[in-house]
*Asks:* 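What follows is a single structure, and I will ask about it in a moment.
If you read the sequence from its start, that first residue is 1, and numbering goes on from there. In listed order, ligands and their atoms are each counted from 1.
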Amino acid sequence: MRYVSTRGQAPALSFEETMLTGLARDGGLYVPESVPTLSEDAIRRMAWGSYEDAAFEVMWPFVGDTFTEDEFRELIANAYDGFGHVSRAPLKQVGDGQWLLELFHGPTLAFKDFAMQLIGQMFQHVLARRGDRITIVGATSGDTGSAAIEAFRGLDNVDVCILYPHGRVSEVQRRQMTTPVESNVHALAVDGTFDDCQRHLKDMFADDTFRDEVGLAAVNSINWARVLAQVVYYFTSAASLGAPKRKVSYTVPTGNFGDIYAGEIARRMGLPIDRLVIATNQNDILDRALREAEYRTGDVKPSISPSMDIQVSSNFERLLFDAYDRDGGAVAQIMDELRSGGRFKISQGAIDAIREGFASGSVSEAETLERIAVTQTEAQELVCPHTAVGLEVAADHHDIRVPMITLATAHPAKFPDAVEKATGIRPPLPKRMADLYDRSERVTQVANDLSALEEVIQEKRAK
Ligand SMILES: *Cc1c(COP(=O)(O)O)cnc(C)c1O
C-alpha cells in the first residue's frame, strides 16, 4: 500500500514513512492510494470477536510490510491492554434508536487514546529496528498532549515534550501531563496562549538545525496512522447493531475532522453507513461550509467544549481531495486561496459529492448545557460537553429506520465544571485514576519565546 499527498507534488510513501513523516513536503496530507474493502463475513465476525481482532482485520491491509502479522497483533494487544473496559468501545442505548459509543475508557479518558496508544507502540517498534531516537514535540490545548504523554511514557527511543498554555488547561488535563514519573516525559508550561504554543511548534519544524539535532517528530491529528486507528470502532459498533445487513448512521463531535473522516474510510471499506453527521459547537466553520459551499475562517470563540474550538479543520482537506476527484492541483489551489484570503469556494461538483454522504449542524453554548441536563434526566447518563454537542445534532438528524450512534468523545469527569453547571452533579473520576489529585506534579515553566523553548528541549532530552 502506497500513500499519496492531497496536493499531488510530494513523493508517494510507504506506511512506515507516512507515519514517521506526518505532513507531506508539499504541505498536503497523505491518503492511501486506494481503499481496500472488507468482506461481509469479516464484518459479521466482528459482532462477537474481540476489539483487538477487529482492529487487526481493519488495519492490516493498510500497513503493508511494516510489521509481520504476529508483530502487528502484539502491538495492538499492548495498545489496548490498559483500557478500563473489556470491549474497549462499548455501545450504550440512550433512547429509541439512539446510541452512545463510549470512547473514553482509555488512560486519559478521551477518544484520542485509541490512536495515540497504538501510535506509541508502532513508533517504538519502528525506531528500535532502525536504531533511531526521536523527540516528539506537541502543542496542546488539553486532550492531545495528555494522550501523547500517556502513549510514549517510558518508551526507550522517544522523548516527548508537550507545550501547553500555562494556566489555560483544566486541572485534570494538566495533572495528566505533569504527574507521569518517567524521565522521557517533559511537560512545558508556556507563558502564552495555545496559539503561541502552536506557532512556536511550527517555527521549530522550520528551524532545520534544531529539527535535525533533536530528531524532531510530530503526532498531530493529520498523521494518517491516527486516522486509521479510529476506523476500527466504526466497524465494531456497526457490527454489534447488525451490519453488514443493517445500516447505521453516526453523529460525530468534530474539530479537526479526523474522527469523522475515519468514518468515511470505514464506509469506503464497505461498512453500510447511511449518514455521517458533522456536529460542531459555536465554532461552526464546517457546518457553514456544508450549507454555503464556502469555507471561511473566523476568530476562535472559546467554548465549554474546548477540544472542538478550531478555525481551520486540517483533515477536511482529505475529504476535499476525493470530492475534487483526487486532483491534487485543484486542492493545492484552494489551499493557497485559504492561506492568502482566509476563504475559498467549494465547486458545485465537490459540494454535491460531500452532501451526498454528510449532513451537519452546530450547537450554541446554552443548547449544549441543556442537552447535558436532558440526557441526565431522560437517560440517567452524564455526558461531557463535546458528546452533548453530538447528541443535540443527532436529535435533529435521526431517521427512525436507521440506528443513530453518537460518538462519546470524552469522559464527563474530564470536564466536570460544565457537567456540574448543567446538572448539579460533579462527575467523579473512574476508580483506576481516583488518586490523580494526590500525585505530585513535575513541570517546567518556560518563557513565551522560541529560543528559550528550544534550549529547554535540548537540555531535557540530553538527560
Ligand atoms: C479532539 C477531540 C474532538 C475533536 O476530534 P477531531 O478528530 O479533531 O474532529 C472532540 N471531542 C474531544 C473530547 C476531543 O478530545
*Asks:* For atom 11 (N) of ligand 1, what is the closest protein heavy atom, and at what distance to 0.1 Å?
*Replies:* Thr409 OG1, 2.9 Å

*Asks:* For ligand 1, which atoms sit closer than 4.0 Å to a heavy atom of Thr254?
*Replies:* 9 (O)

*Asks:* Does Thr423 use its side chain to pair, donor to acceptor, with the backbone of Val419 at less than 3.5 Å?
*Replies:* yes

*Asks:* Counting non-hydrogen protein atoms only, what is the nearest one to atom 6 (P) of ligand 1? Give residue, atom name and distance.
*Replies:* Asn256 N, 3.6 Å

*Asks:* Give the numbers and elements of all ligand 1 atoms closer than 4.0 Å to a heavy atom of Ala410.
*Replies:* 13 (C)

*Asks:* Is it true that Glu337 and Lys345 have a side-chain N and a carboxylate O under 4.0 angstrom from each other?
*Replies:* no

*Asks:* Answer yes or no for Tyr261: is there a heavy-atom contact with ligand 1 below 4.0 Å?
*Replies:* no

*Asks:* If you measure from atom 2 (C) of ligand 1 to every heavy atom of Lys112, Arg226, His386, Met308, which option wins on shortest distance?
*Replies:* Lys112

*Asks:* Relative to the heavy atoms of Gly258, which atoms of ligand 1 are at a distance of less than 4.0 Å?
*Replies:* 6 (P), 7 (O), 9 (O)

*Asks:* What closest approach, in Å, do Ala10 and Tyr30 show between heavy atoms, and which atom pair accounts for it?
*Replies:* CB-OH, 3.7 Å

*Asks:* Which protein heavy atom lies closest to atom 3 (C) of ligand 1, and at what distance to 0.1 Å?
*Replies:* Phe111 CE2, 3.6 Å

*Asks:* Nearest protein heavy atom to atom 4 (C) of ligand 1, by residue and atom, and its distance?
*Replies:* Gly255 N, 3.6 Å

*Asks:* Show the nearest heavy-atom pair for residues Asn283 and Asp299, with the distance to one decimal.
*Replies:* OD1-O, 4.1 Å

*Asks:* Backbone or side chain, does any N or O of Phe257 fall under 3.5 Å from an N or O of ligand 1?
*Replies:* yes

*Asks:* Are the side chain of Ser313 and the backbone N or O of Phe316 linked by a donor-acceptor pair below 3.5 Å?
*Replies:* no

*Asks:* Test your reading of the structure: does Ala110 have an N or O sitting under 3.5 Å from an N or O of ligand 1?
*Replies:* no

*Asks:* Under 3.5 Å between any N/O of Asp143 and any N/O of ligand 1: does that happen in this structure?
*Replies:* yes

*Asks:* Do you see a donor-acceptor pair shorter than 3.5 Å between the side chains of Glu367 and Ser364?
*Replies:* yes

*Asks:* For the CG atom of Leu276 and the NE2 atom of His397, what is their distance to the nearest 0.5 Å?
*Replies:* 12.0 Å

*Asks:* When you compare the side chain of Val443 with that of Tyr164, does any pair of heavy atoms fall below 4.5 Å?
*Replies:* yes

*Asks:* Hey, what's the ring geometry for Phe15 with Tyr3, parallel, tilted or perpendicular (30° and 60° as the breaks)?
*Replies:* tilted

*Asks:* Any nitrogen or oxygen of Gln230 lying under 3.5 Å from a nitrogen or oxygen in ligand 1? Just yes or no.
*Replies:* no

*Asks:* Give the residue and atom name of whichever protein heavy atom lies nearest to atom 7 (O) of ligand 1, and the separation in Å to one decimal.
*Replies:* Asp259 N, 3.0 Å

